[in-house]
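Here is the structure we will look at, set down as structure tokens.
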Amino acid sequence: MATLAILGGGGFRVPLVYRALAEGPAAGLVDRLVLHDVDAGRQQTIARVLADAPLPRGVRPPRIESARTLDEALAGADVVFSAIRPGGTQGRTQDERIASRVNLLGQETTGAAGIACGLRAVPAALEIARRLRELSPDAWLINFTNPAGLVTEAVLPVLGHRVIGICDTPLGLVRRSAKAAGAPLRRGSLAGVDYVGLNHLGWLRGLEHDGGDLLPGLLADPGRLQSFEEGRIFGTRELQVLGVIPNAYLFYYYFRREATMALAGATQTRGESIHELQQELYARLQASGTPYAEWEDALRRREESYLSEAREIGVSRDEEDRAAGGYEHVALDTMRALLTGERSEQILNVRNAGTIPQLPDDAVIEVPSVVDSNGARPLPVKPLTLHQAGLMTQVKAVEQEVVRGGQGDRAAALRAFMIHPLITSGHVAHRLLAAYEQAHGYRWN
């Protein structure tokens with residue numbers, strides 16, 4: 001039996017992890033669940049939701065403990081889920097608004113707002129990694145903290161192979177596409193899946209099954225493409241031109257103008273709407289006699305509005321779109337493989353180690369990987385197209401500058417803004433950095 005610590009333990013999605021720990025394939029692996037959050041009130045509220053969660057008869061969930069300090073949470077941990085948000089939803093709102101004021105995309109992890117988010121996340125993530133290495137050197141760190149790829153890359157020098165980054169969007173895309181193509185995936189297996197990219201920037205390029213690739217047939221069938229989320233987001237014509245199915249976040253690159261206008265025209269940024277929802281929701285959860293039911297209803301409403309700017313007005317995510325993802329399943333399947341040695345294949349953020357020749361060995365990429373008690377290792381990928389290599393190398397260069405900027409290098413932070421493909425001008429880069437400095441008080445060496 002193991003101890004799992006969740007940093008960001010007052011987070012809205014923690015009940016998803018708890019429910020999966022009690023009911024899924026990871027049930028019985030964890031007997032102690034330690035929550036830590038810088039906001040003690042949120043942590044207490046989520047603990048109350050967990051205590052009210054309906055579980056199947058005879059299920060013994062892990063014991064829930066609340067840690068007052070980071071060190072208390074990390075000491076004795078076998079696995080740590082890091083899902084923090086330095087600056088909270090208010091910080092996210094400032095990031096999005098500052099970008100929008102200079103007519104740029106205002107989205108949490110993409111473009112200018114994503115750089116600002118990373119500059120705050122890197123120093124916090126490094127502090128966690130250093131304390132974990134000191135207090136529980138044999139523990140595994142599974143990073144959820146956004147921007148997940150660059151944050152994972154930032155802590156690799158501290159934790160080495162004992163850190164793995166996760167995101168649910170690529171596996172959700174693959175599951176939806178495979179189902180539409182007539183070959184649903186088996187849990188823990190990515191046989192025949194050709195997916196490659198960085199976090200929030202990747203492409204499904206092939207679905208081999210029974211000796212043939214099903215992706216061309218899927219792309220040729222408008223009805224099947226319109227049956228799942230990414231098909232509706234990008235549209236049949238555009239997907240047929242690309243010849244691949246992109247991660248949904250590539251909407252911000254391929255439809256930059258439409259995305260920027262949709263976000264600029266919204267009465268609230270996504271961060272503002274989440275902040276408002278959470279302020280009201282946490283107060284209600286604390287007072288409610290049925291906090292789990294209240295939380296579940298809020299989860300459904302939040303999931304329906306995900307990437308709403310990429311969908312037509314009045315069109316929301318359907319149940320299958322929401323069900324195909326689930327970062328809690330990716331995280332717990334990964335944890336199970338680490339603790340038991342039972343091999344699992346997941347799309348993860350891992351060290352490149354020569355997998356993609358165009359990128360440095362120590363760069364973090366998001367690709368199908370095999371996980372067991374020795375950690376996660378990327379599976380071989382087919383060569384990149386020139387377009388894929390170009391976009392990945394440019395965005396990776398940005399990520400590496402953000403990692404340096406998050407460690408106090410102001411010139412690196414400025415370069416990140418200057419070279420990002422969604423930022424249009426060096427002059428704008430200077431204005432952005434100055435605005436984010438004023439909003440967040442970044443510290444430079």
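These numbers come from a predicted model, not from an experiment. Numbers for residues simply follow the sequence, beginning at 1. Just so it is clear, the values below take in all heavy atoms, side chains as well, and ignore hydrogens, waters and symmetry mates.
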Taking [X] for the side chain and [Y] for the main chain, is one N or O donor matched with an acceptor at less than 3.5 Å?
X      : Y      : value
Asp39  : Arg42  : yes
Asn352 : Pro360 : yes
Tyr18  : Ala47  : no
Gln407 : Val403 : yes
Arg205 : Lys382 : yes
Thr93  : Glu272 : yes
His275 : Thr89  : no
Asp78  : Thr3   : yes

Taking the side chain as everything from C-beta on, heavy atoms only, tell me whether [X] gets closer than 4.5 Å to [Y].
X      : Y      : result
Leu141 : Ile164 : no
Asp361 : Thr355 : no
Val49  : Tyr282 : no
Glu229 : Ile233 : yes

With the threshold set at 4.0 Å, does a side-chain nitrogen-carboxylate oxygen contact exist between [X] and [Y]?
X      : Y      : value
Glu96  : Arg92  : yes
Arg19  : Glu296 : yes
Asp409 : Arg404 : no
Glu153 : Lys396 : yes
Arg300 : Asp297 : yes

(message) The test is salt bridge (charged side-chain N to carboxylate O under 4.0 Å, His left out); show your working for Glu134 and Arg131 and say whether it passes.
(response) CA-CA 5 Å; Glu134 179 71 21; Arg131 296 308 299 150; 5.2 Å; no
Nearest atoms (heavy-atom pairs only) where [X] meets [Y]:
X      : Y      : value
Leu433 : Ala413 : CD1-CB, 4.3 Å
Ser227 : Ala180 : OG-CB, 3.8 Å
Leu198 : Met392 : CD1-O, 3.5 Å
Pro147 : Gly114 : CG-O, 3.6 Å
Ala124 : Ile84  : CB-CD1, 3.8 Å
Arg162 : Ala139 : NE-O, 3.2 Å

(request) For the pair Glu328 and Arg13, evaluate salt bridge (charged side-chain N to carboxylate O under 4.0 Å, His left out) and give the outcome as yes or no after the intermediate values. (result) CA-CA 8 Å; Glu328 72 279 9; Arg13 294 179 180 271; 5.8 Å; no
Would you tell me whether [X] and [Y] have side-chain atoms, one donor and one acceptor, within less than 3.5 Å of each other?
X      : Y      : result
His440 : Asp95  : yes
Asn199 : Tyr249 : no
His200 : Thr109 : yes
Gln346 : Ser344 : yes
Gln268 : Ser273 : no

(request) Go through the steps to decide whether Tyr253 and Thr110 satisfy the test side chain to side chain contact (heavy atoms under 4.5 Å, CB included), and finish with yes or no. (result) CA-CA 9 Å; Tyr253 292 83; Thr110 307; 3.9 Å; yes
(message) Could you go through Leu126 and Val158, starting from their C-alpha distance and side-chain angles, then the distance that decides it, and tell me whether this counts as side chain to side chain contact (heavy atoms under 4.5 Å, CB included)?
(response) CA-CA 8 Å; Leu126 284 169; Val158 181; 4.0 Å; yes
(message) Once salt bridge (Lys or Arg N to Asp or Glu O under 4.0 Å) is applied, what residue pairs with a partner in residues 416-435 remain, sequence neighbours excluded?
(response) none
(request) I would like to know whether Ile245 and Leu219 meet side chain to side chain contact (heavy atoms under 4.5 Å, CB included); could you show each step before the answer? (result) CA-CA 8 Å; Ile245 301 180; Leu219 290 169; 4.0 Å; yes
(request) Quick one: do Glu108 and Arg97 satisfy salt bridge (charged side-chain N to carboxylate O under 4.0 Å, His left out)? Show the steps, please. (result) CA-CA 10 Å; Glu108 178 193 18; Arg97 281 296 180 199; over 6 Å; no
(message) Just checking Tyr436 against Phe417, ring centres under 6.0 Å apart?
(response) yes
(request) Report the distance from atom CG of Leu215 to atom OG of Ser177, rounding to the nearest 0.5 Å. (result) 7.5 Å
